[in-house]
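Step one of this worksheet: look at the structure below.
None of the values given here were measured: they were computed from a predicted structure. Below, chain A is the first sequence line, B the second, and so on; all start at residue 1.
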Number of protein chains: 2
Amino acid sequence: MNTRKKEILQAVTEDYVSTAEPVGSRTISRKYLTELSPATIRNEMADLEYEGYLEQPHTSAGRVPSEKGYRFYVDTLMRDKPLTQEEMGKVLQEYSKRRGEIQALSRAAAKILAELANCAAVVISPGVQCGSIKHIQMAAISNDDIMMIVITSTGALEHRLIRLRNSLSQNDLDVVSAILNRHLRGLSFADLTRQLIRAVKAELSAYSELASQALEILTSSGICPSEESVHTDGIANFLEQPEFKQIERARPVLRLLESQSHLLNLMSGYRTGITVRIGSENTLEELRDCSIISASYGHAGKVMGTIGVVGPTRMDYSKAISLVRFMAEGISELLERASFER
Amino acid sequence: MNTRKKEILQAVTEDYVSTAEPVGSRTISRKYLTELSPATIRNEMADLEYEGYLEQPHTSAGRVPSEKGYRFYVDTLMRDKPLTQEEMGKVLQEYSKRRGEIQALSRAAAKILAELANCAAVVISPGVQCGSIKHIQMAAISNDDIMMIVITSTGALEHRLIRLRNSLSQNDLDVVSAILNRHLRGLSFADLTRQLIRAVKAELSAYSELASQALEILTSSGICPSEESVHTDGIANFLEQPEFKQIERARPVLRLLESQSHLLNLMSGYRTGITVRIGSENTLEELRDCSIISASYGHAGKVMGTIGVVGPTRMDYSKAISLVRFMAEGISELLERASFER
DNA sequence: TTTTGGCACTCTAGACCATAGAGTGCTAAA
DNA sequence: TTTAGCACTCTATGGTCTAGAGTGCCAAAA
């Protein structure tokens, strides 16, 4: 793959990304590589097709990057496309407005990312399991319903209803809350050893029914990434893309984007840094014609959430990557600052 | 409008709703009114068209109900289509599983409604402003960030970040929380008179910075229906409808369904009972080809939230109305029970 | 050896046309 | 009042043709 081929592949990719029309040798010669004739470019393009970087929708159409072509473009050819001042300002303003309210912030982040990338955006916000415990509170809702609230250092907040056979007064609940806070404040959920739990339970023996339920929630599956931490936006942007003119193509993707549980699986579990999955690199059949750019965020080496965009494979990778990276770093920073400030 | 015309209008409507094809006199004669010949039916249909109940997409097509036709059908002709045992079971099971967690419940309700009605579903869940105050809690997040949490009788929970210049210990915060609870527990937000607020402020004079911010939030716009209480589901169902085959028709509706703030405006502020808005009865241009069935829920004469479906005007009104009514009543009951149990 | 102009070839999109089928409205007869 | 019959209208479908875009290949030019 010589320099000229690279230039041609780059030109084809960038032109196709912006016009959504297969690009022919003539276009390349006129718009990008004026020093070469169409014929020369045709020869090179034939090679590029033979090598699998380009494809032809049909004989007399121009060329289109293949998945391999996009992959090469992303890995080698793409130039950085930094955010404009305006875009950065918009993001940062939104971030500072919702500092400390991670749910609202994630929602806003999805919205703004969808808008700037003109794609669908997905944000998985950090659940309580990511931070350390800041406060636990029991509140009486009715005679036998208690609401337990857990707040963590990341500003995440989880509430669970506990139903009791024997009702407790708010005074009792305050006592329980105080004891729980005395033992558990400042700890992360990984720190909740069996020993510790046993000790707390012992001290709360007067309220054993409540205590056992509460501690069960804190240690078990009660505290785990939930569907409520999945935020999606920009679904309508999807339908703007010409590749989804025929609605049948869009439907399976939209079904996926509506399914919080699938998105949770799809987007979590990545290490920090940008992940780009192009077309069938996504194992899901529905995403055969889509690409996903995602980045995890967090701090102290801990992945706490994910932010990403979903769009057609014909996507402005450079822009999307810059955006996702910038926005992920912004959230990481907020989380980090929150954890130093305590 | 004689009986026979009504029968014909009903037949046309129900056939069109289920097939999405304009229906001709022959079909009516064969499938619905076998004792009449197509010619007779043609005459009646011509009348119905003249009177504005039916429309013809073009000369040699069958007839389709006009908005006026749908309206007449809904008001007069429609027969009740009760839910199946299975459907009721599904709804009630979901409800009982999330009893007391109004956000999760609303989310689940939207999902199940969308599924059963095969339309888009929207649920506005009751914000804290609807219930009476159950508990107020301040929790220290960092040196100068306090999180204030308000829980109400409906199980709604609101949290707001308060930033202070002078940091307070969790002990201080517990004191403040206790005082706030002593004064405000059991009251609704309408009960927060200026007098009362002044009294509370006086007692909290030692913490005036925090107190004034907290009380400001409680009394002002801080506590109002927020975008986080809007839950949408079933957007993908929309695209199944043949009227949205051409994506341009669907796009504006999807944009609307993605805009929490617009939905909030659109769906709130109705009295209890079912509201049916057909086509251009919706003032919004985007909904020209859609119908909305919605019902408010709540108890003690107070509207607390709304649940509804959005679909094409060619909608199974009877089914949708039964579903929405049943689901709204279910939520109302849960809220009512919660308020007696206290 | 590389580049380029020229040319024949291929394929699609769009225009145009013809036809089948569905449905109507009208008229006259039952 | 109802109905059979018939002429008429309109759409959807499929076929055919053409213009246009783009290619591949060859032979000449650099």
Working to the nearest 0.5 Å, report the span between CG of A/L77 and NZ of A/K5. 13.0 Å
Where do N or O atoms of nucleotides 24-30 of chain D meet protein N or O atoms at under 3.5 Å, pair by pair?
| unit_1 | atom_1 | unit_2 | atom_2 | d |
| --- | --- | --- | --- | --- |
| D/dG24 | OP1 | A/R63 | NH2 | 2.8 |
| D/dG24 | N7 | A/R42 | NE | 3.1 |
| D/dG24 | O6 | A/R42 | NH2 | 3.2 |

Do the non-hydrogen side-chain atoms of [X] and [Y] ever get within less than 4.5 Å of each other?
X	Y	answer
B/E7	B/Y32	no
B/R63	B/L48	no
A/K81	A/D316	yes
B/L287	B/R277	no
A/E248	B/K245	yes

Below 4.0 angstrom, which residues in residues 6-36 of chain B have at least one non-hydrogen atom near DNA chain C?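 Only B/G24, B/S25 qualify.
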Residues two or more places apart in sequence or in another chain: which of them pass ring-ring contact (aromatic ring centres under 6.0 Å, His included) with A/F326?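 Testing A/F326 for ring-ring contact (aromatic ring centres under 6.0 Å, His included), a comparison that skips the adjacent residues, returns none.
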Test: A/E243 and A/R314 ion pair at under 4.0 Å: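 Here A/E243 pairs with A/R314 in a salt bridge, since their nearest N and O are under 4.0 Å apart.
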List the atom pairs, donor and acceptor, that lie under 3.5 Å between side-chain atoms in residues 109-119 of chain B and the rest of the protein, sequence neighbours left out.
| unit_1 | atom_1 | unit_2 | atom_2 | d |
| --- | --- | --- | --- | --- |
| B/E115 | OE2 | B/K90 | NZ | 2.8 |

Do the side-chain N and O atoms of B/Y317 and B/S291 include a donor-acceptor pair separated by under 3.5 angstrom?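 There is such a pair between these side chains.
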Could you go through nucleotides 10-16 of chain D and list every protein N or O atom that sits under 3.5 Å from one of its N or O atoms, giving the distance for each pair?
| unit_1 | atom_1 | unit_2 | atom_2 | d |
| --- | --- | --- | --- | --- |
| D/dC10 | O2 | B/S60 | OG | 2.7 |

Have a look at B/Y73 and tell me which of B/E14, B/K68, B/Q10 forms a side chain to side chain donor-acceptor pair (under 3.5 Å) with it.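 For B/Y73, the side chain to side chain donor-acceptor pair (under 3.5 Å) test succeeds with only one of B/E14, B/K68, B/Q10, which is B/E14.
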Once you measure the plane-to-plane angle for A/F238 and A/F244, does it fall in the parallel (<30°), tilted (30-60°) or perpendicular (>60°) bin? tilted
From the 5' end of DNA chain C to its 3' end, which nucleotides mark the outer limits of contact with chain A, defined by a 4.0 Å heavy-atom distance cut-off (strictly under)? C/dT3 to C/dT12
